[in-house]
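Letters go in sequence order (proteins before strands), and every chain restarts at 1.
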Amino acid sequence: MADKLTKRADDYAQWYNDLVLKADLAEHSDVRGCMVIEAARLCDLGEDAIRIGRYVQGHRPRECILPTLHSQKLSRQGGQPCGRLREGMCRGHTLPPKSDPVHGVVVDPTAKLEEELIIRPTSETIIWNTYRGWVKSYRDLPLLINQWANVVRWEMRTRLFLRTAEFLWQEGHTAHATREEAVEETERMLQVYTTFAEEYLAIPVIRGVKTASERFAGAEDTYCIEAMMQDGKALQAGTSHFLGQNFAKAFDVVFANKENQQEHVWATSWGVSTRLVGALIVTHSDDNGLVLPPKLAPTQVAVVPIAKNAEQMEAVKDYFAPALAAMRAKGITVKFDDDDTKKPGWKFAEYEFKGYPVRIAIGPQDMENGTVEVARRDTMEKQVMQVIDLAEKVEHLLKPSKATSSESLGIA
RNA sequence: CGGGGCGUAGCGUAGCCCGGUAUCGCGCCUGCUUUGGGAGCAGGAGGUCGUCAGUUCGAAUCUGGCCGCCCCGACCA
């Protein structure tokens, strides 16, 4: 039901909530602060992982999968740098008895763990405990690892995508031989995120450095990109930390340099999360619903045939087939919606609210005139076009029309 | 953790003050008519009223406890 979206001017927070829920982007799960994401409605997260990887020029990090749980002992070893982590814990549980499978997994009161386990709020602890074994010589450096993982932070207040108790992110962890190289890596990744946000997501960002109170507890410096929401508030969209030798010292990660002297490695970590999806939503959308940049939309063009019966539907299909093929040949993703249980008017409203960049309508009049009606979502403009060279024109429509770099806004 | 709100059909709700097994809309199913901006008519299916206890002949409704979620704030590595 897209008929009652709160206006941004009336209540910005409510507008955002309505939009996410009513556009079926995500829904609340049964646990506070957790959500079910309908990734297909936005973009393929796995594909984006690959794309963000491509933005990393030169020495791309190796992908890695680290455990969700680690021991408390390890966490304590982290000492000072991890001091502020809010940690989850895990109790033992048992499988349901076969005689009573319907009641599911239950906590076994007799199965209390000797030592409670930590659900990772970030993976520095496991990474650095592992790196100790991997780093022996300057020849092992730099060591660059990235992973996609869900992490849990028991936030007191949560918002869909923008701050959830559990979220999916990409976290990179690197170890270097020198301070300079680590700083360079930190800055390079901030640039990667900036480029990714602006060129791929079309989100203008401001680059900055966090104050002492705002930066990661284990970091010497935290760099960030901030997106601007439409209510004027800043939204942290990505961070890149220069960790100095804090974790190397806490986890005793040393290497032999060329002079055979033992030195602690220099570290960085950096990440972006599903919050970027929230940034994407708030950056582009309006009072009519979701707006997606054409490059990101899972389906770029929705085609709505207008037909009184099956016969006419076939006629529209035949009429439009060459244009459809031509668009697909150009790599444009098109949905031809011949669902006869929904009326055209319903489809117009639906595709508009859900942010399809271009909508094409074809009716009897068009077939007489050799035309179609084309509507673009960002400007809400409609125009009649000849069907003969439609693919070229639509391709042009889908090209980014407005500058999105921070420079263009004069806020670089 | 403070403050506020809410738990009734898949979703959104009325009923609660003043007790008598539940209203309406959307969606869903069947049929006919419709189709260029969220179709119309007719028929139909679907509910442990968050949970536990208490009061009562009788509780969605009154009383008490518990649980959960949402919103505002503090927090947000």
Side-chain angles (χ1 to χ4, degrees), chain A residues 1-6 11-18 20-22 24 27-35 75 78 80-87 120-125 151-160 162-165 167 169 171 210-222 224 233-236 239-241 243 246-247 269-271 273 275 288-289 303-313 316 337-354 359-369 371-375 380 382 384:
Chain A
M1 291 297 89
D3 49 351
K4 278 187 295 183
L5 179 63
T6 304
D11 187 338
Y12 191 75
Q14 190 62 44
W15 165 79
Y16 175 78
N17 262 327
D18 284 359
V20 171
L21 294 172
K22 291 179 179 176
D24 297 327
E27 58 191 76
H28 295 284
S29 80
D30 72 328
V31 174
R32 187 188 73 81
C34 296
M35 67 175 186
S75 184
Q80 190 68 24
C82 296
R84 288 168 60 198
L85 298 184
R86 197 186 303 279
E87 288 155 344
R120 64 177 164 220
T122 174
S123 295
E124 262 81 4
T125 298
V151 294
V152 172
R153 301 175 180 180
W154 215 245
E155 303 291 353
M156 298 184 135
R157 182 145 151 59
T158 59
R159 299 190 68 192
L160 293 165
L162 298 176
R163 172 166 290 107
T164 44
F167 61 87
W169 75 348
E171 52 177 325
K210 290 291 192 186
T211 61
S213 62
E214 284 179 311
R215 70 177 166 238
F216 178 38
E220 286 193 16
D221 265 317
T222 291
C224 62
K233 290 179 182 166
L235 176 70
Q236 178 183 299
T239 50
S240 184
H241 310 289
L243 302 172
N246 289 337
F247 284 93
S269 68
W270 25 269
S273 72
R275 175 184 280 175
N288 297 309
V303 182
V304 180
I306 296 152
K308 291 192 199 307
N309 50 48
E311 212 173 303
Q312 285 192 11
M313 182 64 83
V316 174
D337 187 355
D338 61 351
D339 180 356
D340 61 2
T341 66
K342 298 281 192 294
K343 295 188 60 176
W346 191 94
K347 293 174 184 174
F348 292 167
E350 179 75 359
Y351 293 133
E352 190 172 293
F353 189 77
K354 292 195 170 174
R359 186 203 69 224
I360 295 172
I362 310 156
Q365 294 169 26
D366 291 306
M367 289 193 282
E368 284 176 24
N369 301 332
T371 59
V372 297
E373 183 197 79
V374 179
M380 302 290 283
K382 279 195 266 195
V384 174

Just the rounded figure in Å: distance from [atom2] of [N] to [atom1] of [X].
| X | N | atom1 | atom2 | value |
| --- | --- | --- | --- | --- |
| Met156(A) | G4(B) | CE | C1' | 17 Å |
| Lys22(A) | C26(B) | NZ | P | 16 Å |
| Tyr12(A) | C71(B) | OH | P | 15 Å |
| Glu220(A) | A77(B) | CD | C1' | 16 Å |

Proximity to the side chain of Pro121(A) - top-ranked nucleotide from C70(B), A77(B), A74(B)
A77(B)
Check every atom of G38(B), A77(B), C69(B) against the side chain of Glu350(A) and return the nucleotide holding the closest atom.
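Nearest to the side chain of Glu350(A) among the choices is G38(B).
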Keeping the roles fixed (side chain from [X], backbone from [Y]), state whether a donor-acceptor pair exists under 3.5 Å.
| X | Y | result |
| --- | --- | --- |
| Arg153(A) | Ala165(A) | no |
| Thr222(A) | Phe216(A) | yes |
| Lys347(A) | Asp339(A) | yes |

Less than 4.0 angstrom between a side-chain N/O of Asn17(A) and OP1 or OP2 of C70(B), yes or no?
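Looking at the OP1 and OP2 atoms of C70(B), neither is under 4.0 Å from any side-chain N or O of Asn17(A).
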Between His28(A) and C70(B), does any side-chain N or O lie under 4.0 Å from OP1 or OP2?
yes
Are Asp18(A) and Thr6(A) linked by a side-chain donor-acceptor pair shorter than 3.5 Å?
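Yes, side-chain donor-acceptor contact under 3.5 Å.
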Atom pairs under 3.5 Å, N or O on each side, protein against nucleotides 32-37 of chain B: can you list them with distances?
residue : atom : partner   : partner atom : Å
U35(B)  : N3   : Ala307(A) : O            : 3.4
U35(B)  : O4   : Lys308(A) : O            : 2.3
G36(B)  : O6   : Gly363(A) : N            : 3.4
G36(B)  : O6   : Gly363(A) : O            : 3.1
G36(B)  : O6   : Pro364(A) : N            : 3.2
G36(B)  : O6   : Gln365(A) : N            : 2.7
G36(B)  : O6   : Asp366(A) : N            : 3.1
G36(B)  : O6   : Asp366(A) : OD2          : 3.4
G36(B)  : N1   : Gly363(A) : N            : 3.4
G36(B)  : N1   : Asp366(A) : OD2          : 2.5
G36(B)  : N2   : Asp366(A) : OD2          : 3.3
G37(B)  : N7   : Lys382(A) : NZ           : 3.1
G37(B)  : O6   : Arg359(A) : NH1          : 3.0
G37(B)  : O6   : Arg359(A) : NH2          : 3.2
G37(B)  : O6   : Lys382(A) : NZ           : 3.3
G37(B)  : N1   : Glu352(A) : OE1          : 2.8
G37(B)  : N2   : Glu352(A) : OE1          : 3.0
G37(B)  : N2   : Glu352(A) : OE2          : 3.3

Using the [atom1] atom in both, what is the distance from [N] to [M], to the nearest Å?
| N | M | atom1 | value |
| --- | --- | --- | --- |
| G4(B) | A74(B) | C1' | 15 Å |
| U23(B) | G40(B) | C1' | 23 Å |
| G20(B) | G3(B) | C1' | 39 Å |
| A39(B) | U35(B) | C1' | 8 Å |
| C1(B) | C75(B) | C1' | 10 Å |
| U63(B) | U56(B) | P | 16 Å |
| G12(B) | G50(B) | P | 14 Å |
| C26(B) | G36(B) | C1' | 25 Å |

Measuring from atom NE2 of His28(A) to atom OG1 of Thr164(A), what distance do you get when rounded to the nearest 0.5 angstrom?
11.0 Å
So how far is it from Asp337(A) CG to Glu350(A) CD, rounded to the nearest 0.5 Å?
9.5 Å
Considering all heavy atoms of both residues, which atom of Pro364(A) and which atom of Ile306(A) are nearest to each other, and what is their separation?
CD-O, 3.7 Å
When you check the gap from the basic side-chain N to the acidic O, do Lys354(A) and Asp24(A) get nearer than 4.0 Å?
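Salt bridge present between Lys354(A) and Asp24(A).
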Dot-bracket pairing map - RNA chain B, Watson-Crick plus G-U, both contacts under 3.5 Å, | cross-strand
(((((((..(((.......[...))).((((((.....)))))).....(((((..]....))))))))))))....
Starting from the 5' end of RNA chain B, give me the residue, Val31(A) or Thr239(A), whose nearest nucleotide shows up first.
Val31(A)
